[in-house]
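Encoded as structure tokens, the structure appears first; notes follow it.
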Amino acid sequence: MLDARYVAEHLDEVRERLSRRSPSWGSAVEALGPLAERRRRLIVETEALAAQRNAANQAMAELAKGPDKEAFAKRRDELKALSGQIKEKEAALAEVLTELESRLLELPNLPHPDVPVGASEEDNRVVRSWGEAPRFDFEPKPHYELGEPLGLLDFERAAKLSGARFSVLWGAAARLERALVGFMLDLHTREHGYREVAPPYLVRGDALRGTGQLPKFEADLFKTQRSPDDPEPLYLIPTAEVPLTNLHAGEILDPGVLPLAYTAFTPCFRSEAGSYGKDVRGLFRQHQFDKVELVRFAEAEHSYEELEKLTAHAEAVLQRLGLHYRVVELCTGDLGFGSAKTYDLEVWLPSQQRFREISSCSNCEDFQARRAQIRHRPAPKEKPRLVHTLNGSGVAVGRTLIAIFEQYQNADGSITVPEVLRPTMGTDRIGPGKS
RNA sequence: GGAGGCGUGGCCGAGUGGUCGAAGGCAGCGGUUUUGAAAACCGCCGUACCGUCAGGUACCAGGGGUUCGAAUCCCUUCGCCUCCGCCA
């Protein structure tokens, strides 16, 4: 969420920066100026009346003790009128606040000034690439054409259980998934300094509001209700970013504790509303997938260094696995709702002859911190300040499995196990008769 | 799922309608004293919003209500605790 005051005082700047995402955002700020002014005026008026009432109440305490019941009754009736006025003002103010807040909650973050302006994926800027595309003297297959014949990936039975966009992993594929999770967590906790967290997979609406999925993207979420009119429905997390970032919601972090770095393995659940027809085959786009997530909390002046670190930590996963990938900086049009700047890691998929997203590393600056009220005290006695929050996949496990299947495939349809996974996998090759 | 209890500032804890943003204690910070430390003593010690300042307003789990006035009364949601039931 953007700062209401900042928006009201910098309408032109905010309009311009938001319109870099998409021209339609520009107009979303129009109503905010007058609303902010109404808010200010109502606060001044309400508080003046409240001050009057509070002063009068002290006199009333005296009158109530005294003998003059008529004076008390008369004054009480006057104050009743005053009280009524205050209630009216408060109601009007509440309405304006609600309106202002709901508009603000729907507004995306301002892109960082350096983010390349563009309309879509096409305009993303390639920052660097690592490794080389494996060369095959045969036609490389997509992962599902490798996994299904080997009896490792089972989409038919998954559909029987749960419908489209679910999968069953058998044998070596299930084990590979587990090996990857362990490998990633060990790397981040032992070498990159993250603290491992096992968070809830079901969270309240507040948490999703904090990170920005609500109120605007409810359709992308799986919602659970304990009764048809459950006042506090729980949602399945679409990413561990939600529980990890909200861990410190409403807190004021002590001086000196930043930066904080958390990592968690969790399944993620997404309704994939609006993605009909996209990536329908295989593991690429599922309603449920596994991910190791990285989250960092930083001071405002260091958050961009932190973003570079975070990205490097995610990259290390792919490097150790020997997977060819590239890093792109998302253009304004492709930027996520809460992000000011994002690097995507895209891994090479031989069957598609292109790079596909496997990690997304973002600096949300104070956008989420303001929603979730995550603050820190820079030094003892100083005023609390909003922190900057960062998150990134470190990395998407299912997509890593795809990349390994495809980049490490052999002519006979078997798959070589990347070096670093061999101890846990107990084999150097997944293939017919080997799973 | 049934019955009951509770939710106050960083922590403990007082406060059951009137001058309470809230006693007291602990922790923390500053000072006096001391060769130094401890102890003792004095002071400070929540957050946000409005206001150029002085200052004002709001917040006692969240929301709503009663009242001239609510931390205090009522309703509701959430959370925690105890007992019973069920359960990985």
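Within every chain, numbering begins at 1; the chains are lettered A, B, ... in the order of the sequence lines, protein sequences first and strands thereafter.
Across all strands, A/Arg75 comes closer than 4.0 Å to no nucleic acid atom at all (heavy-atom distances). Counting any heavy atom pair closer than 4.0 Å across all strands shown, A/Arg5 reaches sugar-phosphate atoms only and no base atom.
Salt-bridge check for A/Glu70 with A/Lys74: failed, with every basic side-chain N at 4.0 Å or more from each acidic carboxylate O. Comment: A/Glu99 engages A/Arg103 in a salt bridge, judged by a side-chain N to carboxylate O separation of less than 4.0 angstrom.
For the C1' atoms, the distance linking B/rU34 with B/rC41 amounts to 14 Å, nearest Å. Spacing between B/rU67 and B/rG17 at atom C1', rounded to whole Å, works out to 9 Å. Atom name P, nucleotides B/rA71 and B/rG9: the rounded distance is 15 Å, in whole Å. With both ends at atom C1', the span from B/rG69 to B/rC80 equals 32 Å, rounded to whole Å. The gap from the P atom of B/rG43 to that of B/rG5 amounts to 43 Å, rounded to the nearest Å. Rounded to whole Å, the separation between the P atoms of B/rA58 and B/rG24 comes to 23 Å. Of the C1' atoms belonging to B/rU33 and B/rA38, the separation is 12 Å, rounded to the nearest Å. If you take atom P in B/rG65 and the same atom in B/rC50, they sit 24 Å apart, rounded to whole Å.
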Are there any protein N/O atoms within less than 3.5 Å of an N/O atom in nucleotides 53-56 of chain B, and if so, which ones and at what distance?
| residue | atom | partner | partner atom | Å |
| --- | --- | --- | --- | --- |
| B/rG56 | N2 | A/Glu47 | OE1 | 2.8 |
| B/rG56 | N2 | A/Glu47 | OE2 | 3.2 |

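Mapping A/Gln373 and A/Ala55 onto RNA chain B by nearest heavy atom places A/Gln373 closer to the 5' end of the strand. Each of A/Thr46 and A/Arg385 has a nearest nucleotide on RNA chain B; the 5'-most of these lies closest to A/Arg385.
Less than 6.0 angstrom separates the ring centroid of A/Phe337 from the ring centroid of A/Phe367.
Atom CG of residue A/Asn363 and atom NE2 of residue A/His112 lie 8.0 Å apart, to the nearest 0.5 angstrom. The distance from the CZ atom of A/Arg285 to the OG atom of A/Ser275 is 5.0 Å, given to the nearest 0.5 Å.
Between A/Arg377 and B/rU47 there is a side-chain N or O to OP1 or OP2 distance below 4.0 Å. Distances shown here put a side-chain N or O of A/Ser83 below 4.0 Å from the OP1 or OP2 atom of B/rG69. In this structure, A/Arg39 reaches the B/rC50 phosphate: one of its side-chain N or O atoms is under 4.0 Å from OP1 or OP2. When the side-chain nitrogen and oxygen atoms of A/Arg53 are compared with OP1 and OP2 of B/rA58, one or more of them lie within a distance under 4.0 Å.
When both pairing distances are held under 3.5 Å, B/rU16 makes no Watson-Crick or G-U pair with any nucleotide shown. Remark: B/rA71 base-pairs with no nucleotide; criterion is Watson-Crick or G-U wobble with both hydrogen-bond distances under 3.5 Å. In this structure B/rC83 sits in a base pair with B/rG2, meeting the Watson-Crick or G-U test at under 3.5 Å. Across all strands shown, B/rU35 forms no Watson-Crick or G-U wobble pair with both key distances under 3.5 Å. Nucleotide B/rG51 is matched to nothing when pairs are restricted to Watson-Crick or G-U wobble geometry with both distances under 3.5 angstrom. Pair assignment for B/rG7: B/rC78, on the basis of Watson-Crick or G-U wobble contacts that are both within less than 3.5 Å. In this entry B/rC29 has B/rG43 as its Watson-Crick or G-U wobble partner, both defining distances falling under 3.5 Å. A 3.5 Å limit on both hydrogen-bonding distances identifies no Watson-Crick or G-U partner for B/rA23.
Between the side chain of A/Thr245 and the backbone N or O of A/Glu241 there is at least one donor-acceptor pair closer than 3.5 Å. Remark: side-chain polar atoms of A/Arg39 are not paired, donor with acceptor, to backbone N or O of A/Val96 under 3.5 angstrom. Side-chain N or O atoms of A/Ser393 include none that pairs as donor or acceptor with a backbone N or O of A/Glu293 at under 3.5 Å.
Whole-Å rounding puts the A/Ile252 CD1 to B/rC59 C1' distance at 13 Å. Here B/rC50 presents its P atom at 18 Å from CG of A/Leu49, a figure rounded to the nearest Å. Atom pair A/Leu100:CG and B/rC49:P shows a separation of 13 Å (rounding to whole Å applied). Atom C1' of nucleotide B/rA48 and atom CG of A/Leu386 are separated by 12 Å, given to the nearest angstrom. For the pair A/Lys80 NZ and B/rG69 P, the computed distance is 8 Å after rounding to whole Å. Following rounding to the nearest Å, A/Asn57 (CG) and B/rA71 (P) show an atom-to-atom distance of 11 Å. Distance, A/Arg76 CZ to B/rC68 P: 6 Å, rounded to whole Å. When rounded to the nearest whole Å, the span between CD of A/Gln58 and P of B/rG18 equals 14 Å.
A 4.5 Å side-chain heavy-atom check between A/Tyr144 and A/Ile402 finds every atom pair outside the cut-off. Counting heavy atoms from C-beta outward, A/Leu221 and A/Leu236 have side chains that stay 4.5 Å or more apart. Side chains of A/Thr400 and A/Met184 form a contact here, defined as non-hydrogen atoms less than 4.5 Å apart.
Minimum atom distance to the side chain of A/Arg375 is reached by B/rA48, of the listed B/rU19, B/rC78, B/rA48. Here the side chain of A/Ala61 is nearest to one of B/rU19, B/rU77, B/rG69, namely B/rU19. Side-chain atoms of A/Lys383 lie closest to B/rA48 of the nucleotides B/rU77, B/rA48, B/rG18.
Scanning residues 86-94 of chain A for heavy-atom distances under 4.0 Å to RNA chain B yields A/Lys87.
Between A/His192 and A/Tyr194, the ring planes are perpendicular. Angles over 60° get that label, and only those under 30° would be called parallel.
Side-chain polar atoms of A/Thr389 and A/Gln368 form a donor-acceptor pair below 3.5 angstrom.
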